[in-house]
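Below: one structure, written as structure tokens.
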Amino acid sequence: MPNFDDGAYRSTFRHTTAHILAQAVKRLYPEVNLAIGPAIDTGFYYDFDRATAFTPEELSKIEDEMKRIVKEHLPVERFELPREQARRLMAEKNEPYKVELIDDLPADAIISFYRQGDFVDLCAGPHLDNTSEVKAFKLTQVAGAYWRGSEKNKMLQRIYGTSFPDKQQLKEFLDQQEEAKKRDHNKLGRELGFFTTVDYIGQGLPIMLPKGARVIQLLQRFVEDEEERRGYLLTKTPFMAKSDLYKISGHWDHYRESMFILGDPEKADQEEVLALRPMTCPFQFQAYLTKTRSYRDLPIRYGETSTLFRNEASGEMHGLIRIRQFTISEGHLIVAPDQLEQEFRGCLDLAQFMLKAVGLDDDVSYRFSKWDPADQEKYIGSADQWDTVQNTMQDILDNMGLSYRVGIGEAAFYGPKLDIQIKNVFGKEDTLITIQIDFQLAERFGMEYTDRDGQKRYPYIIHRTSIGCYERTLALLIEKYAGALPLWIAPEQARILPISSKHLDAAYDMAKSLREQGLRVEVDDRDEKIGKKIREAQMEKLHYMLVIGDQEVEQGTVAVRSRLDGDLGVMMPADLVARLKKEVAERRH
RNA sequence: GCCUUUAUAGCUCAGUCGGUAGAGCGCAUCCAUGGUAAGGAUGAGGUCAUCGGUUCGAUUCCGAUUAAAGGCUCCA
């Protein structure tokens, strides 16, 4: 029995399930055209061209048909055909997408097919030997997806599913998915009062409520303090500028559709055209340009807590992860070529320090994001320049022994990036932190320095974030900790529950005193049903709950039961404050 | 921007085959509770997302808009 933990076998298994799905769809809906159906991390999908979406009823009919195919114990057989015969076979079966795929295969490609019963699919394989091996599967959702991933192409109907060698594993996986979704920041963050949205304010424009705003403030202070310690110079630059600035930087040509523009560009000769900033770089560069620079000035490290505005397309917004206005720990390092590696390492060290401080260091992966030579319109600079800087960056990464994967076409328009990636509870990956090497904008902006030999030279610029965008970081922290953030950034570190209304005044006095000692504490005076409140507090994952009785003042973690039920490990507020201060202090190493 | 789905009380949701709405939790007031993962009574909250159409009459049907959810594309 092959090991399902083996990625290659698992992919094969799921890919075969995708074929079973396609076979079932063709049996039920012969008019549907097949596109592609690969295995993915969590299962598989298959794309179909069909006028209307599959309904839940149809999905369950398809599942039933798939079960039948599994029970038919169909052997899965591979065969090869020369290109012309392959084309003919797919054309006969009226599969235009398959024909297109064949036409795009390289001249020397071996064109293989897989047959199971009445179903044949163009496929490189490999596959399981028999459909009966797929013991447990489920179709999970339907979605639209563009043919070949391009929005210029037709939208197809995608069916997602997953499969396992037995029903138990399937159930465990589905349960696990359900559990993960309970940590969804978009749900939990709203329930816990971190943020909200208002339909007449608009998409991608969340309101940070006191709790969410507090966390962001704490992170921001931490970042700013740490950057100061690491030799960063603070700037504070405008939220908008005339279009002229973005024309120099290249944003006007390469990023304009994602910018909020004030004024009519058509009438630029008659009226002022401003744009909200989508990035801080061209603003921060102006600080460098205020005087002539010597090699002795370098490196210069600029940092700014910067609010940015990006006019994302309407369907792209997601909770706090993808929004239209966000605040980022932005920074630009102006460095001489011989300083590039060391400064790059410094940026990575800072990023890793931040990840460790918030506990996300084990949850990230690294992506070396390169340009796509086939899509040069998206970028500025020549192929030679790109090759040079990408090689430099690769050397740096390899020297550090960092393990990363390569993302073609993921670069910024002005240079390659090291992206620190993280997945949300739905398994969708986003960039949390990015460190970019820019070899072009210095020249565009005329940012020179005078070198030892008296020659003017253009520096490299490192664009980087240290903790990324605060809203996104908050979202991922909520998901990571299911709302119970580490004590030093928890917006509510303790809650005081008066055991009865007689103790209300005492509770407020205590809260006041604890706040003066720097503890973030709330009084819950809404009712006296303390048992229920304890359960709620447990659900909200509070770190401490102070329960006030007569003259006594006591507390424990919420995991500890009420003192009446047994041992509690009583801790007085003074101890709590001391412990809290210790933990907050420990976050800095 | 594209595909699918959704929008009713603070929250979770039910409902009206078209005659202006209900539940649970929460909230308010009162009562009870002195060591308790607590009980009861009463009450206040909704132009049923917005705008338009059909209709004698729309929250319910139709259309548009806005917002939310998942995916695609895009991206921090």
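Throughout, protein chains are lettered first and strands after them, A, B, ... in sequence-line order, and every chain is numbered starting at 1.
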Atom pair distance, as rounded to whole Å: [atom1] in [X] and [atom2] in [N]:
{"X": "A:Arg310", "N": "B:G1", "atom1": "CZ", "atom2": "P", "value": "18 Å"}
{"X": "A:Asn153", "N": "B:C72", "atom1": "CG", "atom2": "C1'", "value": "12 Å"}
{"X": "A:Asn186", "N": "B:U6", "atom1": "CG", "atom2": "P", "value": "19 Å"}
{"X": "A:Glu257", "N": "B:C74", "atom1": "CD", "atom2": "C1'", "value": "9 Å"}
{"X": "A:Asp47", "N": "B:C72", "atom1": "CG", "atom2": "C1'", "value": "9 Å"}
{"X": "A:Asn311", "N": "B:G1", "atom1": "CG", "atom2": "P", "value": "9 Å"}
{"X": "A:His332", "N": "B:A76", "atom1": "NE2", "atom2": "C1'", "value": "12 Å"}

When all nucleic acid strands are considered with a 4.0 Å heavy-atom cut-off, which category describes [X]: base, sugar-phosphate, or nothing?
{"X": "A:Ile323", "answer": "base"}
{"X": "A:Gly315", "answer": "base"}
{"X": "A:Asp419", "answer": "nothing"}
{"X": "A:Ala313", "answer": "base"}

Whole-Å [atom1] distance, [N] and [M]:
{"N": "B:G24", "M": "B:U50", "atom1": "C1'", "value": "29 Å"}
{"N": "B:U8", "M": "B:C61", "atom1": "P", "value": "15 Å"}
{"N": "B:C48", "M": "B:U5", "atom1": "P", "value": "25 Å"}
{"N": "B:U59", "M": "B:A14", "atom1": "C1'", "value": "14 Å"}
{"N": "B:A9", "M": "B:C17", "atom1": "C1'", "value": "26 Å"}
{"N": "B:U12", "M": "B:A7", "atom1": "P", "value": "12 Å"}
{"N": "B:G18", "M": "B:A28", "atom1": "C1'", "value": "36 Å"}
{"N": "B:U66", "M": "B:C51", "atom1": "C1'", "value": "10 Å"}

Among [options], find the nucleotide with the atom closest to the side chain of [X].
{"X": "A:Gln157", "options": "B:A76, B:A68, B:C3", "value": "B:C3"}
{"X": "A:Cys469", "options": "B:G70, B:C2, B:A76", "value": "B:A76"}
{"X": "A:Met155", "options": "B:C72, B:A68, B:C75", "value": "B:C72"}
{"X": "A:Arg322", "options": "B:G1, B:C75, B:A69", "value": "B:C75"}
{"X": "A:Asp199", "options": "B:C74, B:A76, B:U66", "value": "B:U66"}
{"X": "A:Phe426", "options": "B:A68, B:G71, B:G1", "value": "B:G71"}
{"X": "A:Glu316", "options": "B:U73, B:G71, B:A76", "value": "B:U73"}

[N], OP1 or OP2 - any side-chain N/O from [X] closer than 4.0 Å?
{"X": "A:Lys428", "N": "B:C72", "answer": "yes"}
{"X": "A:Tyr160", "N": "B:C72", "answer": "yes"}
{"X": "A:Thr431", "N": "B:C75", "answer": "no"}
{"X": "A:Lys417", "N": "B:A76", "answer": "yes"}
{"X": "A:Gln203", "N": "B:U66", "answer": "no"}

Looking only at side chains, do [X] and [Y] share a donor and an acceptor under 3.5 Å apart?
{"X": "A:Glu100", "Y": "A:Trp147", "result": "yes"}
{"X": "A:Glu330", "Y": "A:Thr305", "result": "no"}
{"X": "A:Glu410", "Y": "A:Ser369", "result": "no"}

Task: Test of ring centre spacing under 6.0 Å for A:Phe48 and A:Phe54 - done: yes
Open item on the list: Contact list please: residues 406-416 of chain A against RNA chain B, heavy atoms, distance less than 4.0 Å, in numerical order.
Closed with: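 None - not one residue of the stretch has a heavy atom sitting under 4.0 Å from the strand.
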- [ ] Would you please classify the geometry between the A:Trp386 ring and the A:Trp371 ring as parallel, tilted or perpendicular, with 30° and 60° separating the classes?
- [x] parallel
TODO: Would you please test A:Asp104 and A:Arg148 for salt bridge (charged side-chain N to carboxylate O under 4.0 Å, His left out) and show each step?
DONE: CA-CA 12 Å; A:Asp104 284 357; A:Arg148 303 199 130 181; 2.5 Å; yes
Task: Donor-acceptor pair under 3.5 Å, A:Glu312 side chain vs B:A76 base - done: yes
Task: No-H, no-angle donor-acceptor pair, A:Tyr45 side chain to B:G71 base, under 3.5 Å - done: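 For A:Tyr45, whose side chain was compared with the base of B:G71, there is no donor-acceptor pair (under 3.5 Å).
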Task: Residues A:Glu343, A:Arg464; criterion salt bridge (charged side-chain N to carboxylate O under 4.0 Å, His left out); working and verdict - done: CA-CA 11 Å; A:Glu343 288 303 310; A:Arg464 46 101 274 178; over 6 Å; no
Open item on the list: Please check: side-chain N/O of A:Lys480 versus main-chain N/O of A:Gly359, any donor-acceptor pairing under 3.5 Å?
Closed with: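 Present.
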TODO: Determine yes or no for a side-chain-to-main-chain donor-acceptor pair under 3.5 angstrom, with A:Arg367 supplying the side chain and A:Tyr404 the backbone.
DONE: no
Open item on the list: Using the six-membered base ring of B:A67, report whether A:Tyr200 stacks on it, requiring centroids under 5.5 Å and planes under 30° apart.
Closed with: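 By the stated criterion, A:Tyr200 and B:A67 do not stack.
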Task: 5' precedence on RNA chain B between A:Gly204 and A:Lys378 (nearest-nucleotide basis) - done: A:Gly204
Task: 5'-most by nearest nucleotide on RNA chain B - A:Asn424 or A:Tyr255 - done: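 Per heavy-atom nearest nucleotide, the more 5' residue is A:Asn424.
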Open item on the list: Testing A:Phe260, A:Phe239, A:Phe309 one by one against A:Gln325 for a side-chain contact (heavy atoms from CB on, under 4.5 Å), which residue passes?
Closed with: A:Phe309
Task: A:Arg158 charged N/C atom sitting above A:Tyr46 aromatic ring, 6.0 Å / 45° - done: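 That pair does not qualify as a cation-pi contact.
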Task: Complementary nucleotide for B:C51 - Watson-Crick or wobble, under 3.5 Å - done: B:G63
Open item on the list: Please name the nucleotide paired to B:U20 by Watson-Crick or G-U wobble geometry with both distances under 3.5 Å, or report none.
Closed with: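 Result: none.
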